[in-house]
Structures are given as C-alpha cells and as structure tokens.
There are 2 protein chains.
Amino acid sequence: MVTPKKTPAGTGRRAELLATAAEVFAELGYNATTVRTIADRAGMLAGSLYYHFDSKESMADEILSAFLTDLWEGYRRIEEAGLGPRETFEGLVTESFRQMERHRPAVVIYQKEARRLAAQERFGYLADSQQRFRKLWTHTLERGVADGSFRRELDVPVAYRFVRDTVWVAAVWFRPRGRKSAAQIAQQYTSMVLDGIAT
Amino acid sequence: MVTPKKTPAGTGRRAELLATAAEVFAELGYNATTVRTIADRAGMLAGSLYYHFDSKESMADEILSAFLTDLWEGYRRIEEAGLGPRETFEGLVTESFRQMERHRPAVVIYQKEARRLAAQERFGYLADSQQRFRKLWTHTLERGVADGSFRRELDVPVAYRFVRDTVWVAAVWFRPRGRKSAAQIAQQYTSMVLDGIAT
DNA sequence: CCTACCGATCGGTAGG
DNA sequence: CCTACCGATCGGTAGG
C-alpha cells in the first residue's frame, strides 16, 4: 500500500496533516484539491508538505488504506462470529456506519475517486477490496435466500448493489456530531432495507 | 441557465459534442477532464471546441440543465396525475430510472459535481432543483405516513435521503443496454424499498 | 519548514 | 475548424 518515506507513521504532525488533507479531498474532490490548499489549511507553504509526504498521491493512498484496514478488521470480527444471515447483514451495516464515523472523509473520497484511482497500480488494493466486499455481501444475501431469511425471488446482484450504494452514499450527509449516532442510523437503515418503508 | 452564443441549440454537431463531453465528464470527473480530451474524442483540436462553446463550464451547464428540464417535465406529469402516495412513490422512482436511461452521463455528473457546482451563481438552478426535489419526495412520504401507506414510525428526513441516494447512485452501474430495462430495475427497487428484502 | 524556482499542462484566444 | 500562442496554475524540487 504505502511506504512513508520521511516521517514515521502515526507521528502527531503527520496524522494531523493527513486529517486535513482528507477533509479537503472530501470537500473539493481529489483533482480539484491543490497541494497549496492543503498546505494553506495546515498553516504552511506548499513546498513544506513534501517534507512529510512524497506526493499528493501518497496522501490519498495513506488515507484510503488506513480506512480499508480498519473496515476489514471490523468486518472480520463479524464474519468470525458465525451469525445467521440476517444478523450478519445487520452487523455489516452497523459496522459500516461505525467506520463512517471514524473515517468519514475517507469514505467520501472512496465513493468519489475509487473507481478512477483503482486503475493505477499503486491503488490496486482498492480493486481487491471491492472484490472482497462484493463476495462478502453476496454470500450473506445468498445464505439468507437459502435459509428463508430473505425473499426467495430476491435478485442478489441487484440487491447487493442496492445495499452497498445505499449504505456508503450516506457518508455524504451523515454527521456523527449530528442528532443521530452511527448506531441509530444503522438501525434505521437495516429496518428500511430488511422490512421496507410500507406498512 | 444557458445562452448558447455561437451555434443554435439542437444542431447536430453541437448535440454530438455535448454527448461526447458528457461521457468524458462522467467517466473522468469534471475537473480531471481537459478540453483536449473532449476534443480528441470528438476528432478535433482543443481550440476548435470554442467555435461551438464559450467554455468548459458552459458544456457542463448545458448537459445538466437539459437533464433537469426533462426530469421535471416527467415529475410534473406524475404530480398532476393525482395518485395516492404509494403510486406516486412508484411513479417517481420509475420516472427517475427512465431519465437515467436517457441522461445517464448527466446523472453521473450531477451525482459527483452538483454539490460543488451549485456554489457558483450560474449553477444556482442546481440548488433550486435540489430544494424542489426534497419537497416533492418529503411531501409524498408524509402523505403516505398520514394515510397509512407507509409506516407510522418512519423518520421522513432519513427516509428521504435514503430513497434519493439509493435511486440516483444506481446511475453509476446502471446500463440501459444491459440485461434489465429501466422499468424492470425501477420495479425491483420500489419492491425492495417498499416491502424490504426480508421475508 | 521556508525561499525560490521549474517544467508541464491547463482553459482559453486571435487570426485566419 | 486549424495554427499558433498565452497567462495562470499545478505538482514537485534544490538548497538552506
């Protein structure tokens, strides 16, 4: 994924700069963000960023891989819990919103840029992650159809994209500081997706 | 919205160029798209685009306003049909997918760029449209809660964002040339949202 | 982390 | 629609 060249990972200033960069990338989009904007917001000059990072691309790389590492750590725990399909489904949605709380800007960047970035070799792990993601969710949906938790006539590939999009796109408006916690939103979402909004 | 300066709207070549530009914008993002890329793909040189259009921004403007004009024309018909909340809901989803079929690249651009573009004065109609959109869907959901079509405990603002995102984000993967028509996808979506995926 | 700078590329234009 | 070009801005670097 990433080999920081100049400052050890986890260092205070470096983490601060990454958080700033993530916010700007999420707000303006990766391409529309200039290293000058990031530097401005961090209170330094553009050139000084290169004391901490190799390139603009490295910053995006570190932001995205940190998010995906945490996400897969969370998903792994749910996979290993050996739950039924409906409970697995609920667990995955809840975990996704929890990660959104921690990595909101990263999720927005992921949503907007992953497709384009994944074409580059250094971002190959984005494509790997998407594959794994698809398998995990598809498998959960299929298990649920098989054991009668989910509707027999469910079109699994369509349902998969429906759920995936529905959950992640919420990062655009979801504010953990708002009136609702991640767990509450997750509960509302699973309820709407599992049981529908009609009576 | 837009005042084409140099070639009458609807002219063959102009429409062709807009379709090309829309595809490139959708594929690469507005900022990452250079006028040279659009010109290349249209088989002309960058400078020649300016015989047809004032600016790169004008192209995006025309693409987005053409889409929104058609969308609101479609929605207006449904509003005027005087249907109940559930049927209005189904009609709006179906119409949205129908417009996605006609204006897929425009919808992708809208998804990715509307928030940022809306800040500019010339794209003020994007913010107006979002307002109108929110009112129409919120009103439909509220009517449904009131008459018992939708669940009494439904959180309307959350449900609104849920439905809005869920429908439009489908433009990223939806291919009208694929195995499923817009009407079929719309039917699957309304079924999942209204009645859920669980048994 | 700053000063000072560079090559590349961008959106756009004048003139034909 | 092309030729030829421009000012601005970009990501990034050398040297301190």
Side-chain angles (χ1 to χ4, degrees), chain A residues 2-9 11-25 27-64 109 113 116-117 119-123, chain B residues 2-9 11-25 27-64 109 113 116-117 119-123:
Chain A
V2 117
T3 321
K5 287 248 177 79
K6 300 177 176 176
T7 324
T11 286
R13 188 56 172 150
R14 186 189 182 80
E16 265 176 48
L17 290 171
L18 279 176
T20 303
E23 277 165 33
V24 184
F25 285 147
E27 193 182 320
L28 307 178
Y30 177 75
N31 278 290
T33 299
T34 70
V35 295
R36 281 159 179 82
T37 306
I38 298 170
D40 269 5
R41 206 160 314 181
M44 56 170 61
L45 293 177
S48 307
L49 277 177
Y50 292 83
Y51 171 74
H52 298 281
F53 302 97
D54 285 344
S55 63
K56 180 182 169 185
E57 221 176 67
S58 294
M59 296 185 223
D61 192 346
E62 286 198 49
I63 291 161
L64 291 173
I109 298 165
E113 326 280 353
R116 200 182 339 147
L117 292 176
Q120 295 174 54
E121 203 193 341
R122 87 177 290 173
F123 289 101
Chain B
V2 118
T3 322
K5 287 247 177 78
K6 301 178 174 175
T7 324
T11 284
R13 186 55 171 153
R14 186 188 182 81
E16 265 177 49
L17 290 171
L18 279 176
T20 302
E23 277 165 32
V24 183
F25 286 147
E27 192 180 321
L28 307 177
Y30 177 76
N31 279 290
T33 299
T34 70
V35 295
R36 282 161 178 80
T37 306
I38 298 171
D40 269 5
R41 206 160 314 180
M44 55 170 62
L45 293 177
S48 307
L49 276 177
Y50 292 83
Y51 171 74
H52 298 280
F53 302 98
D54 285 344
S55 64
K56 181 183 168 184
E57 220 175 67
S58 294
M59 295 184 224
D61 192 346
E62 286 197 48
I63 291 162
L64 290 173
I109 298 166
E113 328 280 354
R116 196 180 343 146
L117 291 176
Q120 295 173 53
E121 203 193 342
R122 85 178 290 174
F123 288 102

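Here is how names work: the chains are called A, B, and so on, in the same order as the sequence lines, proteins then strands, and each is numbered from 1.
Checking the phosphate oxygens (OP1, OP2) of C:dG12, no side-chain nitrogen or oxygen of B:Arg36 falls inside 4.0 Å. The side chain of B:Tyr50 places no N or O atom within less than 4.0 Å of a non-bridging phosphate oxygen (OP1 or OP2) of C:dT13.
Relative to the side chain of B:Arg13, the nucleotides D:dC1, C:dC2, C:dG11 differ in distance, and D:dC1 lies closest. Among the nucleotides C:dC1, D:dC2, C:dG12, the one closest to any side-chain atom of B:Lys56 is C:dG12.
Computed from coordinates, the B:Asn31 CG to D:dC10 P distance equals 11 Å when rounded to whole Å. Summarising the geometry, the separation between CD1 on B:Ile38 and P on C:dG12 is reported as 10 Å, rounded to the nearest angstrom. Regarding B:Glu57, its CD atom lies at a distance of 8 Å from the P atom of C:dG12, rounded to whole Å. In this structure, the CG atom of B:Leu49 is 10 Å from the P atom of D:dC2, given to the nearest Å. Atom CZ in A:Phe53 sits roughly 15 Å away from atom P in D:dG11 (whole-Å rounding). In this structure, the CG atom of B:Asp40 is 11 Å from the P atom of D:dC2, given to the nearest Å. C:dC10 atom P lies 14 Å from atom OH of B:Tyr30, rounded to whole Å. Rounding to whole angstrom units, CG of residue B:Leu45 and C1' of C:dA14 are separated by 16 Å.
Geometric assessment of A:Lys56 against the ring of A:Tyr30 yields a positive cation-pi assignment under the 6.0 Å and 45° thresholds.
Note that CZ of B:Arg122 is 5.0 Å distant from CD of B:Glu57, once rounded to the nearest 0.5 Å. Atom-to-atom distance recorded for A:Thr33:OG1 and B:Asn31:CG is 9.0 Å, nearest 0.5 angstrom. Between the CG atom of B:Leu49 and the CG atom of B:Leu45 there is a distance of 9.5 Å, given to the nearest 0.5 Å. The distance from atom CG of A:Leu17 to atom CZ of A:Arg41, rounded to the nearest 0.5 Å, is 13.0 Å.
Within 4.0 Å of A:Thr37, counting heavy atoms only, lies no atom of the nucleic acid at all.
The side-chain hydrogen bond (donor to acceptor under 3.5 Å, both in side chains) test applied to B:Arg36 returns no partner, not counting sequence neighbours.
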DNA chain D base-pair string [pairs: Watson-Crick or G-U under 3.5 Å; |: paired with another strand]:
||||||||||||||||

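Side-chain contact check for A:Met59 versus A:Phe25: some heavy-atom pair is nearer than 4.5 Å.
Judged by closest nucleotide on DNA chain D, B:Ala46 is the one of A:Ser55 and B:Ala46 placed further toward the 5' end.
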